[in-house]
Structures are given as C-alpha cells and as structure tokens.
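To find a chain, count down the sequence lines: A is the first, B the second, and so on, and within it residues start at 1.
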2 protein chains.
Amino acid sequence: MTLLDTRGAAALTMRNIADELGCTQASLYRHVRNREELVTLLVDRALDVASSAPPDGMDWAGKAAWSARLFRAHLLRHPGVASLLRGTERLGPNSLAGVQYSLELFINAGLSPRLASAAASSLATFVIGSVHLNLGLDMSDPEESRHRRLLYRSRDAATFPLLVQHADTLAEVSSDDEFEVGLNALLTGFRALIQNSDITRD
Amino acid sequence: MTLLDTRGAAALTMRNIADELGCTQASLYRHVRNREELVTLLVDRALDVASSAPPDGMDWAGKAAWSARLFRAHLLRHPGVASLLRGTERLGPNSLAGVQYSLELFINAGLSPRLASAAASSLATFVIGSVHLNLGLDMSDPEESRHRRLLYRSRDAATFPLLVQHADTLAEVSSDDEFEVGLNALLTGFRALIQNSDITRD
DNA sequence: ACCTGAACACCGTTCAAGT
DNA sequence: ACCTGAACACCGTTCAAGT
C-alpha cells in the first residue's frame, strides 16, 4: 500500500513487495496465487472511501454528486490505485459496498432496479474514466497548459480550424471543469429518466 | 497491428513485433525511441474510425449518439487497442480529428467553446471508460452472467440486502444496456445545458 | 505450514560491431 | 543510414530443499 502510494504502480513488483515486507518473493506465493490476485485484494482495500456516506439533508442528486466527487478526489490522491483499477476485479467487499450504496440511492430516487443499476454503473464509469484519462497529466502545472496550447495552435488551420481558433480556450479547460460538466449532465439526464418513468407509471 | 488484434496487448512485445516484421528487436529502436512511442503511433493509427462522419439529416444529439456508438463498437471489436488507450497519447492526427469533429458538433449545437470542449471530453471519457470496465468480460457468455448472479446472491443479506434481493436483475443487465442509459442521460444533460445557455444569453 | 535460494522463461533497452 | 548479436538489468513464476 505505502509502496504503491510512494513509488507508483510500476514499482509494485513482487520483489519490491517482498523487500518491503522483509521476506523473499517466493514467500508471497504462499499467501496469494498470482500477482493479479494480490492487486485485486490491494485495490479493494484501497477503496474503503466508498463506505463513507454523504451528509444528511441532501436529495438523491446531491448525494450522488457528493459521493462521485469524493471518489474522484480519493483516486486523484492515489494515482497508483487508480491506474490499477480495471473492471474485472470489482468483486471485493469494499467495491460491493459501493455498488449496494449507489443502487439504494437510485432506487429510492424512483428508478427501477434495472435502470438504477445502469445509472450507478454509468456514474462509476464516468468517474473512473475521468481519472484514467488524466492520469499522466498534471493540469495545475502551467507547463502542461502551455504545451497543450502550442499543440493545438501549431496544427494545420485548414484541416483543424476549430482547434487552431480556440487553442487558448481548449488549453485552459481543466479536468475539474470537464468533470463537473459531465457529472452535471449525467445527473440531469437521470432526473429526466426518473420523471419519465413516473409518467409512464401513472 | 495484426499482432495486436490476433494475440492481444500482452503479446505486443518488441521481440514479437520484430519477428512479425522480419528483423531484430534492436532494429526497432532506429525508427522509434521507446516502446511507448510505438504504442502511441499504433493507437492513433487504429483510431481512423473517428474520421467517418454520421449520415446527414440527424440533429446534433443523433449525430453524437451515432458517433459514440460507432467508436464504442470499434473499440469492442479491437480490445487490444482499447486496453492501450490512455489519456496521455491522444495527440495523434486521428485523435485530433475526433476532437475537432466533436467540438464542431457541440459548438454548432449552441454551446460555448469552453462548454463544448468539456461536453466532448465527457462523452469520450464515458465511451472509453465504458469499454475499459468491460474489457475482460464477455457479457454474451452465459457463464459470465451465471457467475455474477451467484456472486450477488451469495453475499450476506444483512450487509448487502439490495444485492441479494435483485441478484437476478443485476446479473442480466448487459454492458450495452448500461451504455445506452448513460449515453442517453449525458445527451439529455447536454440538451438542458444548451437550453440554459440560450436563456442566459437572451 | 511457511520460508529460502536458485533457476526458468520472459521483458525493454543499450551498444559495439558490422554492411 | 540501417541492421545485427550479445549483453544488461529487470520481470513473474516455479520448485526442490530447508525449518
């Protein structure tokens, strides 16, 4: 865990883990079948944020937004965890707690179990995908913004007119902005979905 | 390219590439700095679908949905490409063409360049994230659905009541369903955003 | 039961040496 | 300029041998 946070996902090798634990690499295979199994266990343990519930007094959309922001912030604080987060291994108890919670949220909001599941999945997909796509980048770094502006501006104006024209704007859009716009759009869409299924039910 | 499609991303090693090309691994470093640079070039070349535009006669939402589904289908058909798709390397000409196109779409729909960029990014994030989270899984495989049903049903009913109760429903929700629900919600949210900025402008 | 040392078959990358 | 052979420092995994 500390190894992953301090030296990154690339340094999470069986040898380094064994060193950190004070044993040989071969010993690890007494407690774990594969490296993959170890990663699965590690990732689920790292997802214990999902259990912290939003404060009371919010409607479902407020709670969903609160949880999504918390989850995203946690992943951004632990990029190593985020980079190991795939779809296959979301079976651990902490991940399941997250599924249970978001499912409850959307069902109580008025969605059918099927739609609630799809909505919760979509939201998680967006949060994880959002962190994933910005893993290498540090948007607060001014160097990064300058680099992107140059990339857009130096394109051929005939084939990429909009990129050249709005280079400055595009370079300035932070990943936080992107996330908020997408999160808001998703929740607005879910709200419409709930109203529609209410109408259908009447 | 054929190596990636036939034997997967794990088999995309410098040795295998060199074999496929009929040279030694060391020769590759005359044409490419890193393996990473090679992957970047390869991924961008694999994204040539972005250039195929949707048929005329659709509104912006229809076009966006059409492009998103096309992109997703392409990635699902080439899982190796999808697994290599990170955020850092979207600089290639094909990726930029996709950015230019989606930007044009949302600006013409009535969004400011800033919001259009965020909307386009969010949509791409959702598509890529959606494919990413289902990379290992084959939902059409009945074995997979049975496994998921068992996973949910065998949980502790006291801590995960909803998972146990709706195990059958949850196991049956396909990734296609999830994607359609999320896509629809996003586009509905963007539509509301456009109407809002129209009102603000008046 | 748990650990060790040593090996195996793989990686990406480098570099002197060839043509 | 481009390619080769051989090496380097790493991987994950296995296995007989120890306690």
According to a strict under-4.0 Å criterion, is A/His31 in side-chain N/O contact with OP1 or OP2 of C/dA1?
no

Whole angstroms only, please: what is the CG-P distance between A/Leu38 and D/dT13?
10 Å

Please answer whether the main-chain N or O of A/Ala64 pairs with a side-chain N or O of A/Ser67 as donor and acceptor at a distance below 3.5 Å.
no

Map B/Arg30 and B/Arg35 onto DNA chain C by nearest heavy atom, then report which one ends up closer to the 5' terminus.
B/Arg35

Distance-only donor-acceptor check, side chains A/Arg72 and A/Ser175, under 3.5 Å:
yes

Check against side-chain contact (heavy atoms from CB on, under 4.5 Å), B/Leu183 and B/Arg69:
CA-CA 9 Å; B/Leu183 175 62; B/Arg69 291 194 189 102; 4.1 Å; yes

Measure from the side-chain heavy atoms of B/Gln25 and tell me the nearest of D/dC11, D/dT13, D/dA7.
D/dA7

Rounded to whole angstrom units, what separation is found between the CG atom of A/Leu12 and the P atom of D/dC10?
17 Å

Just compare D/dT13, C/dG5, C/dG12 and give me whichever is closest to any side-chain atom of A/Ala26.
C/dG5

Integer-rounded Å distance: C/dT4 C1' and A/Leu28 CG
12 Å

Aromatic rings B/Phe179 and B/Phe126: how do their planes relate, parallel, tilted or perpendicular, breaks at 30° and 60°?
parallel

Between B/Asp19 (CG) and D/dT4 (P), how many Å, whole number?
11 Å

Closest nucleotide among D/dT13, D/dT4, C/dT4 to the B/Cys23 side chain
D/dT4

Any side-chain to backbone donor/acceptor pair from A/Gln100 onto B/Leu162? Under 3.5 Å, distance only.
yes

Contact class for B/Ser27 (heavy atom, under 4.0 Å): base, sugar-phosphate, or nothing?
base

Within the 6.0 Å centroid threshold, strictly below: A/Tyr152 and A/Phe160:
no

Do any N or O atoms from the side chain of B/Ser145 and from the backbone of B/Pro142 form a donor-acceptor pair under 3.5 angstrom?
no

Any idea which of C/dT14, D/dT14, D/dC11 is nearest the A/Tyr29 side chain?
D/dT14

Without decimals, in angstroms, what is the distance between A/Glu36 CD and D/dC11 C1'?
16 Å

What is the distance from CZ of B/Arg33 to P of C/dT13, rounded to the nearest Å?
12 Å

Between D/dC2 atom P and B/Leu21 atom CG, what is the distance in whole Å?
15 Å

Output row for DNA chain C, stems defined as at least 3 consecutive Watson-Crick or G-U pairs under 3.5 Å, is C:4-8 with D:12-16, C:12-16 with D:4-8

Tell me the interatomic distance from B/Met14, atom CE, to D/dC11, atom P, rounded to whole angstroms.
19 Å

